[in-house]
Amino acid sequence: MKTLHSPRALRPPRGRLQTPVIRAALFVFVLVGALLAAIVFTLNRNAHRTNAQQASTELASGARVAASAFAAVRSDLRAQAGQLATSLDLQRAIVANDRAAIQRIAARHHARIEARGDTTGELLAPPRITSTATIAQGGQVLARVTLALPLGKTLLTLIREATPLPSHASLVLVQGGRVIAGGPIGSTALVKDGRIVFGSTPFEAKSALLGVAGTSVLAIEPVSAVEARGVSYRRRLLIAAVLTLALVAGLATRLGRPLARMFGELTDQAERDSLTGLANRRVLDERLEEELDRSRRYGTHLALILVDIDNFKSVNDRYGHQCGDEVLRAVAPVLSGSLRELDLAGRFGGEEFALVLPGTAAVSARRIAEQIRRALAKVTVVGPAGELVGVTASFGAAEFPANASVASLIEAADRALYQAKRDGKDRVVVDGGAVAPGGREQTVVTPA
Ligand code: GH3
Ligand code: MG
Ligand code: MG
């Protein structure tokens, strides 16, 4: 016989994979996994955006600094031209119209000197920048001195040194839409959506004008280098996510069992009657509905037995309410212990109990009720003065499909119980047929 200390589960047993422990652990694991994936995805995307923005800002400021470094070089060239124009040597040579001296000076400075209609000296070949200074006397231009600086690698190196750029970035000089230094010379330099492609390599690019017609400087960085900036961050993010998931898996495995047990106990408490440990009225009603549906679907029987303790009020009156409680507690294991795993015994209310027996016809219900009736008659509890207090009970049983709904099943079982009481108590009456104690036919209850 089962006791209150080892109460059976109120719900039918389920498959191993569906046990609450595994489901709870899996649920936590999947939930945290999904959460982590969302966090990693968002952080990764933000890091990617921040990277791209940072690269773009750095390249734009690099291009600006390069342009101002170029302007400094240009003004240096202007100063040099001015110095040459104001040098005594040149001015003397011009005043004296000393052609040989002018030629020497032009050659020494790679300058072009125009004086008195003659041009002396060759400038460096384009692409280049030039700066011209004039020598005037009394408002009349005596000579023009021009210096040139090639727009090439040397100039670019000079600018690059003065320009802070990310380590993988470089500068490209562009004139008339074509590369003149720092890239594939002569190739088209078309910046589109902040990107430029040289060969097959895409670069992030920002440009700044140099103040010389059609000339600009590009600060470029390979897209792969920009993306690689976030690699270590992404790696750390992934490691953190995997470690967290492993930790959660460990915790879920470790805590899953006790937690599931706790939840199981809480659920169990919500489904049990606190005094007797049997199913409470809510569970009884739900199970009745479920089993009736199942019986209807599969065309099987379902029996309901209502049990009411006889003269219970007088037990309370004579031995006290506590003794009455003891009796109720003693009755419970007799009821549940007489049933199969798939049956359900519950407290219907007060000193009434109900038994739900799936797949059981009225004739079998009568036999089971009779067994319980006999077993109950042997139950005793010790009263307040040490006396033995015993009870009997009356049983009313009904079956589906004779009664097609839960309401009519309860009504029929209740009617049979009422009949048992009227017939003298301590007996079983089945809706549609009855048997007296000892197996004698006694009463037939006609369904309403
Ligand atoms: P009958 O044989 O016709 O069923 O008579 P009865 O005295 O058993 O029935 P009645 O309905 O007159 O009284 C039921 C009593 O059960 C009344 C109520 O105080 C008592 N009772 C209901 N629930 C509890 C409980 O939880 N503990 C105790 N001790 N008594 C209870
Ligand atoms: Mg009653
Ligand atoms: Mg009673």
Side-chain angles (χ1 to χ4, degrees), residues 2-4 7-11 267-292 302-339 343-358 360 365 368-369 372-373 375-377 379 381 389-400 403 405-423 425-431 445 448:
K2 289 196 166 65
T3 69
L4 273 180
R8 74 167 94 194
L10 296 180
R11 305 269 173 203
T267 312
D268 211 48
Q269 275 171 23
E271 293 180 342
R272 284 185 193 280
D273 165 53
S274 58
L275 180 71
T276 61
L278 296 178
N280 61 25
R281 178 65 191 261
R282 183 178 57 81
V283 174
L284 267 176
D285 288 344
E286 283 172 12
R287 258 310 266 293
L288 253 181
E289 289 285 357
E290 278 171 29
E291 294 300 344
L292 200 87
L302 171 69
L304 171 70
I305 304 175
L306 292 182
V307 185
D308 186 297
I309 299 177
D310 296 328
N311 309 315
F312 191 63
K313 192 172 177 306
S314 56
V315 173
N316 275 339
D317 292 348
R318 276 169 70 185
Y319 304 105
H321 203 266
Q322 260 184 352
C323 181
D325 283 356
E326 273 306 310
V327 170
L328 293 176
R329 268 196 282 265
V331 165
V334 178
L335 299 180
S336 57
S338 312
L339 303 180
D343 298 333
L344 182 73
R347 190 169 176 199
F348 202 60
E351 27 68 272
E352 279 183 42
F353 299 89
L355 311 175
V356 180
L357 312 172
T360 306
I368 292 163
I372 297 174
R373 188 193 66 78
L376 271 183
V379 169
V381 299
V389 180
V391 284
T392 61
S394 301
F395 296 72
E399 66 148 44
F400 171 87
N403 300 282
S405 69
V406 168
S408 66
L409 197 60
I410 293 174
E411 208 180 295
D414 200 42
R415 202 166 47 236
L417 175 62
Y418 181 67
Q419 187 66 48
K421 292 284 185 191
R422 275 215 314 218
D423 291 346
K425 308 185 182 180
D426 188 20
R427 67 198 58 224
V428 176
V429 173
V430 178
D431 174 55
V445 178

Extract all donor-acceptor atom pairs below 3.5 Å that involve side chains of residues 318-327 and protein atoms in other chains or at least two apart in sequence.
| residue | atom | partner | partner atom | Å |
| --- | --- | --- | --- | --- |
| E326 | OE2 | R329 | NE | 3.4 |
| E326 | OE2 | R329 | NH2 | 3.1 |

Flag side-chain contact, heavy atom, 4.5 Å: [X] against [Y]:
{"X": "E351", "Y": "L328", "answer": "yes"}
{"X": "L376", "Y": "F395", "answer": "yes"}
{"X": "L278", "Y": "L335", "answer": "yes"}
{"X": "D343", "Y": "L355", "answer": "no"}
{"X": "R373", "Y": "T392", "answer": "no"}

Output the distance between atom CG (L292) and atom CZ (R287), rounded to the nearest 0.5 Å. 12.5 Å
Residues, nucleotides or ligands: over 12 heavy atoms within 6.0 Å of F312 CZ: yes
Would you say T360's side chain and P358's backbone share a donor-acceptor pair under 3.5 angstrom? yes
Only counting residues at least two apart or in another chain, list the ones meeting side chain to side chain donor-acceptor pair (under 3.5 Å) with [X].
{"X": "S408", "result": "S405"}
{"X": "N311", "result": "K425"}
{"X": "D273", "result": "T276, R347"}

Please tell me whether D308 and S394 have a donor and an acceptor in their side chains that are separated by less than 3.5 angstrom.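 No pair is found: no donor N or O on one side chain lies under 3.5 Å from an acceptor on the other.
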Working note: I309 + V315, criterion side chain to side chain contact (heavy atoms under 4.5 Å, CB included); need CA distance, chi angles, decisive distance, verdict. CA-CA 10 Å; I309 299 177; V315 173; 5.9 Å; no
Residues in salt bridge (Lys or Arg N to Asp or Glu O under 4.0 Å) with [X], at least two apart?
{"X": "R422", "value": "none"}
{"X": "K313", "value": "D317"}
{"X": "D414", "value": "none"}

Restricting to side-chain contact (heavy atoms from CB on, under 4.5 Å), what partner residues turn up for A398, sequence neighbours left out? N403, L409, A412, A413, D431
How would you list, by chain and number, every residue that makes a side-chain contact (heavy atoms from CB on, under 4.5 Å) with A354, sequence neighbours excluded? L284, L304, L306, F348
I305 to A397 - nearest heavy-atom pair and separation: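 The answer is CG1-CB, 3.9 Å.
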Shortest non-hydrogen pair, A365 vs A303, comes out as CB-CB, 3.7 Å
Before you tell me yes or no, could you show the steps for L339 and L344 under side chain to side chain contact (heavy atoms under 4.5 Å, CB included), namely the whole-Å CA-CA distance, both residues' side-chain angles and the distance that decides it to 0.1 Å? CA-CA 7 Å; L339 303 180; L344 182 73; 6.0 Å; no
